[in-house]
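Presented below is the structure to which this report refers.
Only heavy atoms go into these numbers, but all of them, side chains included; no hydrogens, no water, no symmetry mates. Here, residue 1 is the first one in the sequence, and each next residue gets the next number.
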Amino acid sequence: MLAFRKARRKLRMGTICSPNPSGTKAASEVCNADWMASLPPHLHNVPLSNLAIPGSHDSFSYWVDEKSPVGPDQTQAVKRLARISLVKKLMKKWSVTQNLTFREQLEAGIRYFDLRVSSKPGDTDQEIYFIHGLFGIKVWDGLMEIDAFLTQHPQEIIFLDFNHFYAMDEAHHKCLVLRIQEAFGSKLCPACSVESMTLQSLWEKKCQVLIFYHCPFYKQYPFLWPGKKIPAPWANTTSVQKLILFLETTLSERAPRGAFHVSQAILTPRVKTIARGLVGGLKNTLVHRNLPAILDWVKTQKPGAMGVNIITSDFVDLVDFATTVIELNDLLEDQALTKC
């Protein structure tokens, strides 16, 4: 029965988003653009905190500008070294954690976005950029790309988690929040009970965007959710074994109500890791060889109040990450049918 439902879901969701001349389906080309709309009716009233939702780590870092100044998230020592042009080229190899644009991630099924933002030193126009060592695209451009997708896919719900802010004063925050309002308008979901957030309730309100804002500034706006509502424990390790143990431990400690939960299925390089794989970069040094083992762990998980909720990864296109997470929701189908 489970195999039949998976086959049926693949027929609904597994189309190609864009043509591939080779005629094969790469992981990045499998289209999960409407996977939430395609979930069976009995999951429409399950809290989003109980569903399995794929997310990306440093979601915006598919492009960083090696010609821009080093970001304020870096130490003074790194800033001094970056005066050497080669250093920025090497930094780029370790700053980029995704291959896909926002639009491509959304089409692949990603619904949670990990966002770090900053003003740019010397700018006087209060423009805000994405940041991960080096500056990325303007936040406004990213928001507009996401909004265009949501307009075309009105039953898809996304989580935007603004969790790091650099070189931003009150005026910068006001500018950023205004941009968020301008981009999404009535699609923004007011902060309320986590358990009341179901697909059905959001569809009825025509809300599609949950904004989490890890800064006291959230209190001034009803559509900004406090960061404590979406904890994302960080393993900070280069070891797959230690990462999996950490993920299991933090899931066992998850609060059953009142918050979403992010399992960061990512490895973090240390200084010596970067030194050893300086030219190879993050993807070739850490991610490529370890992502299959991380995906194997994902396949063993179950969603639910005490199970996985949001799972994030680097380079979500290298394996069939999003589809693997989405298909965990089939286990909720099994539970519902068993109760019947």
> After noting the C-alpha distance and the side-chain angles of His173 and Phe165, does the key distance pass the ring-ring contact (aromatic ring centres under 6.0 Å, His included) rule?
Replying inline: CA-CA 9 Å; His173 280 285; Phe165 304 92; 5.0 Å; yes
> Hey, is the main chain of Val325 close enough, under 3.5 Å, to the side chain of Lys299 for a donor-acceptor pair?
Replying inline: no
> Is the backbone of Leu150 close enough, under 3.5 Å, to the side chain of Gln208 for a donor and an acceptor to pair up by distance?
Replying inline: yes
For residues 89-96, dump all side-chain donor-acceptor pairs below 3.5 Å to protein atoms at least two apart in sequence or in another chain.
unit_1: Lys89; atom_1: NZ; unit_2: Glu66; atom_2: OE2; d: 3.0
unit_1: Lys93; atom_1: NZ; unit_2: Val279; atom_2: O; d: 3.4
unit_1: Trp94; atom_1: NE1; unit_2: Leu278; atom_2: O; d: 3.2
unit_1: Ser95; atom_1: OG; unit_2: Met91; atom_2: O; d: 3.0
unit_1: Ser95; atom_1: OG; unit_2: His132; atom_2: O; d: 2.9

> With a 3.5 Å cut-off and no angle check, do the side chains of Thr323 and Asn32 form a donor-acceptor pair?
Replying inline: yes
> Do you see a donor-acceptor pair shorter than 3.5 Å between the side chains of Thr312 and Gln264?
Replying inline: no
> Hey, any chance Leu106 and Trp63 share a hydrophobic cluster, counting ILVMFWY side chains that come within less than 4.5 Å of each other, even indirectly?
Replying inline: yes
Under 3.5 Å, which donor-acceptor pairs link side chains of residues 214-228 to any protein atom two or more places apart or in another chain?
unit_1: His214; atom_1: NE2; unit_2: Asp161; atom_2: OD1; d: 2.6
unit_1: Trp225; atom_1: NE1; unit_2: Cys189; atom_2: O; d: 3.1

> Does Asp147 use its side chain to pair, donor to acceptor, with the backbone of Leu143 at less than 3.5 Å?
Replying inline: no
>> Return the CG to CZ distance between Leu51 and Arg111, rounded to the nearest 0.5 Å.
In response: 12.5 Å
> What heavy-atom pair brings Gln74 and Gly133 nearest, and what distance separates the two atoms?
Replying inline: NE2-CA, 3.5 Å
> Of the non-hydrogen atoms in Pro303 and Leu332, which two are nearest, and what is the gap between them?
Replying inline: CG-CG, 3.7 Å
> Have Trp297 and Glu248 got a donor and an acceptor in their side chains that come within less than 3.5 Å?
Replying inline: yes
>> Regarding Thr249 and Ser252, do their side chains bring together a donor and an acceptor under 3.5 Å, going by distance alone?
In response: no
>> Taking Gly258's backbone N and O only, do any of them form a donor-acceptor pair with Glu195's side chain (distance below 3.5 Å, no angle check)?
In response: yes
>> Can you confirm whether the side chains of Asn163 and Asp114 place a donor and an acceptor under 3.5 Å from each other?
In response: yes
>> Tell me the closest heavy-atom pair linking Val240 and Ala293, and the distance in Å.
In response: CG1-CB, 4.0 Å
> For the hydrophobic clusters of this structure (ILVMFWY residues joined by side-chain heavy atoms under 4.5 Å, transitively), does one cluster hold both Phe212 and Ile131?
Replying inline: no
>> Quick check with a 6.0 Å cut-off and a 45 degree axis cone: is Lys120 positioned over the face of Phe135's six-membered ring?
In response: yes
> Can we say Asp73 and Arg116 salt-bridge, meaning some charged N sits less than 4.0 Å from an Asp/Glu carboxylate O?
Replying inline: no
> How far apart are the closest heavy atoms of Leu39 and Leu199, and which atoms are they?
Replying inline: CD1-CD1, 3.8 Å
> Looking at SG of Cys175 and CG of Asp169, how far apart are the two atoms once the value is rounded to the nearest 0.5 Å?
Replying inline: 10.5 Å
> Does any N or O in the side chain of Gln98 come within less than 3.5 Å of the main-chain N or O of Tyr62, such that one atom is a donor and the other an acceptor?
Replying inline: no
> Considering only heavy atoms from C-beta outward, does the side chain of Tyr112 approach that of Pro54 to under 4.5 Å?
Replying inline: no
> Under a single-linkage definition using a 4.5 Å side-chain heavy-atom cutoff for Ile, Leu, Val, Met, Phe, Trp and Tyr, are Leu251 and Met306 assigned to the same hydrophobic cluster?
Replying inline: no
> With a 4.5 Å limit on heavy-atom distance, are the side chains of Tyr129 and Val117 in contact?
Replying inline: no
> Hey, any chance Leu160 and Phe60 share a hydrophobic cluster, counting ILVMFWY side chains that come within less than 4.5 Å of each other, even indirectly?
Replying inline: yes
> So, for Ala37 and Gln155, which heavy atoms are closest and what is the spacing to 0.1 Å?
Replying inline: CB-OE1, 3.4 Å
>> Donor-acceptor pair, distance only, cut-off 3.5 Å: does the side chain of Thr198 make one with the backbone of Asn45?
In response: no
> Where the side chain of Glu107 meets the backbone of Phe102, is there a donor-acceptor pair that is under 3.5 Å apart?
Replying inline: no
> Within the side chain of Asn329, is there an N or O that forms a donor-acceptor pair under 3.5 Å with the backbone of Ile326?
Replying inline: yes
> Rounded to the nearest 0.5 Å, how far apart are OG1 of Thr151 and CD1 of Ile146?
Replying inline: 12.0 Å
> Between the side chain of Thr97 and the main-chain N/O of Asp58, is any donor-acceptor distance below 3.5 Å?
Replying inline: yes
> If every non-hydrogen atom of Gly281 is compared with every non-hydrogen atom of Thr285, which pair is closest and at what distance?
Replying inline: O-OG1, 2.7 Å
>> Would a single hydrophobic cluster contain both Ile137 and Phe149, if residues Ile, Leu, Val, Met, Phe, Trp and Tyr are joined by side-chain heavy-atom contacts under 4.5 Å?
In response: yes
>> Any side-chain to backbone donor/acceptor pair from Ser119 onto Ala167? Under 3.5 Å, distance only.
In response: yes
